[in-house]
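Hydrogens, waters and symmetry mates play no part in the numbers below; they use all other heavy atoms, side chains included.
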Amino acid sequence: MTRDVPPPELDVPDDWRLVSEERQTPFDVGVVSVDATTRIYEDDALRDRLADVTGTETTWRFVFASRLRIRPATSVSQSLTRLVTDRANARFRDVLRERGFEAIERTDDHRLDVGEETADATRYRASVRIDGLDVPVEAYVAVWPDDGAYLLGGGAYPLSLPDPETFDLERGREELFSMLRSIR
C-alpha cells in the first residue's frame, strides 16, 4: 500500500501540461519500503507545431519530478544516494524506451546545483524515429537528497528537428535545467 508522499512541485512554462501524477511503492520487503509520487509534464505546444510539419504526434519534450520516501526513515548516506541514483538511471532508461526513444546511450555524469543541494545528474543521448529519420535527443536524470527523502527529476528535448524553425534548441535545454532546478 502506497503511503502518502506529497507530490513534488516544479515551475513549468505555460504551454506545458501535466499528463500524469502517480503514487506507487516501487520497493517493499516488509521491513523497508520506498514510496514515490511522480508528476510528468509534456510540451504540448511543440508537439502540436511539429505534428503539422511531420504528420506524427510524438512527445518531443517531457519533464518529470519524483519524491521518494524510504520507510522506516533513514539518514542520507553516500551509499544510499548511490543506490537511489543507480535505480533511478535504470528506470529512466526504461521510461525513454517506453516513450519511443531508441539507441539510448549514457554519455556522462554531471553535478547540478538544485537549490541548496547538488544533484548527481546523468546525460543520455538517444533518437526518435520519424518518417524513416533518426531525430537525435538529449535526456537528463538527476537525484538529490531532500529533508529525509529524495527528489528526482529528468526530461528530454530534441537536438535537431525536421523543421528547425519550430524550436530553439538552446532555449529548450535551458528550460529543462530551469525546471529541474525548480523541483522542490
Side-chain angles (χ1 to χ4, degrees), residues 1-47 57-101 104 106 112-124 126 128 137-157 175-184:
M1 175 179 185
T2 302
R3 294 169 190 89
D4 191 32
V5 176
E9 298 291 328
L10 70 155
D11 302 327
V12 296
D14 290 337
D15 51 356
W16 287 61
R17 175 177 64 95
L18 177 66
V19 295
S20 175
E21 183 171 317
E22 303 171 2
R23 287 180 168 79
Q24 58 183 326
T25 301
F27 181 80
D28 188 350
V29 291
V31 292
V32 176
S33 67
V34 176
D35 298 308
T37 301
T38 301
R39 287 183 169 168
I40 303 169
Y41 296 83
E42 294 179 355
D43 182 351
D44 280 349
L46 179 62
R47 185 185 64 234
E57 295 254 344
T58 297
T59 301
W60 296 89
R61 290 200 305 164
F62 73 94
V63 66
F64 79 90
S66 296
R67 182 183 318 277
L68 303 180
R69 188 158 289 146
I70 300 170
R71 298 189 195 270
T74 192
S75 59
V76 171
S77 68
Q78 280 186 332
S79 59
L80 182 57
T81 300
R82 192 170 28 257
L83 176 64
V84 171
T85 300
D86 288 347
R87 296 289 171 101
N89 273 284
R91 180 65 187 124
F92 187 60
R93 286 188 301 270
D94 291 342
V95 166
L96 292 174
R97 277 190 283 283
E98 291 165 6
R99 290 180 160 269
F101 294 82
I104 302 162
R106 184 177 184 155
L112 178 67
D113 290 331
V114 286
E116 296 179 19
E117 294 291 332
T118 301
D120 295 321
T122 303
R123 178 171 55 172
Y124 291 89
V128 176
V137 174
E138 191 164 79
Y140 286 85
V141 63
V143 176
W144 62 99
D146 179 66
D147 195 27
Y150 281 92
L151 290 173
L152 289 74
Y157 59 93
E175 279 182 342
L176 175 62
F177 286 133
S178 176
M179 287 184 278
L180 294 179
R181 287 184 182 106
S182 78
I183 296 171
R184 57 206 177 277

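Closest approach of Arg67 to Pro6, counting heavy atoms only: NE-O, 2.8 Å. For the pair Ile104 and Arg93, the tightest heavy-atom approach, listed with the atom from each and the gap, is CD1-O, 3.8 Å. In plain terms, the two heavy atoms of Val5 and Ala36 that are nearest each other are CG2-N, 4.4 Å. Val114 approaches Ala119 most closely through the heavy-atom pair CG2-CB, 4.0 Å.
In this structure a side-chain-to-backbone donor-acceptor pair under 3.5 Å is present from Ser182 to Met179. Formation of a donor-acceptor pair under 3.5 Å by the Arg39 side chain with backbone atoms of Val63 is not found in this model. Put simply, the side chain of Arg123 never gets that close to the backbone of Glu138: no donor and acceptor are under 3.5 Å apart.
Atoms CZ and OG1, from Arg69 and Thr37 in turn, are 8.5 Å apart once rounded to the nearest 0.5 Å. How far CD1 of Ile183 is from CD of Glu117: 13.5 Å, rounded to the nearest 0.5 Å. Note that the CG atom of Leu10 and the CG atom of Leu180 stand 8.5 Å from one another [nearest 0.5 Å]. For the atom pair CZ of Phe64 and CD of Glu22, the computed distance is 11.0 Å after rounding to the nearest 0.5 Å. Rounding to the nearest 0.5 Å gives a distance of 9.5 Å between CG of Asp4 and CG of Asp35. Interatomic distance, CG of Leu80 versus CZ of Arg82, reported as 10.0 Å (0.5 Å rounding).
Crowding of Glu21 atom CD: a count of heavy atoms from other residues, nucleotides or ligands under 6.0 Å exceeding 12. More than 12 non-hydrogen atoms from other residues, nucleotides or ligands lie less than 6.0 angstrom from CD of Glu98. More than 12 heavy atoms of other shown residues, nucleotides or ligands fall within 6.0 angstrom of atom CZ in Arg47.
Within the 4.5 Å cutoff, the side chain of Arg99 has heavy atoms near those of the Ile40 side chain. Side-chain contact between Ser20 and Glu42: absent, with no pair of heavy atoms (C-beta onward) separated by less than 4.5 Å. With contacts defined as side-chain heavy-atom distances shorter than 4.5 Å, the pair Asp11/Arg184 qualifies. Using a 4.5 Å heavy-atom cutoff, the side chains of Asp15 and Asp44 are not in contact.
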Worked verdict on Arg87 versus Val84 for side chain to side chain contact (heavy atoms under 4.5 Å, CB included): CA-CA 5 Å; Arg87 296 289 171 101; Val84 171; 5.9 Å; no

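If you check the side chains of Asn89 and Tyr124, you find a donor sitting under 3.5 Å from an acceptor. Defined by atom type and a distance below 3.5 Å, a donor-acceptor pair is missing between the side-chain atoms of Tyr150 and Ser66.
The only member of Leu96, Thr85, Val95, Thr122 that meets side chain to side chain contact (heavy atoms under 4.5 Å, CB included) when paired with Val141 is Thr122.
Ring geometry, Phe92 versus Phe62: the interplanar angle falls from 30° to 60°, so the pair is classed tilted.
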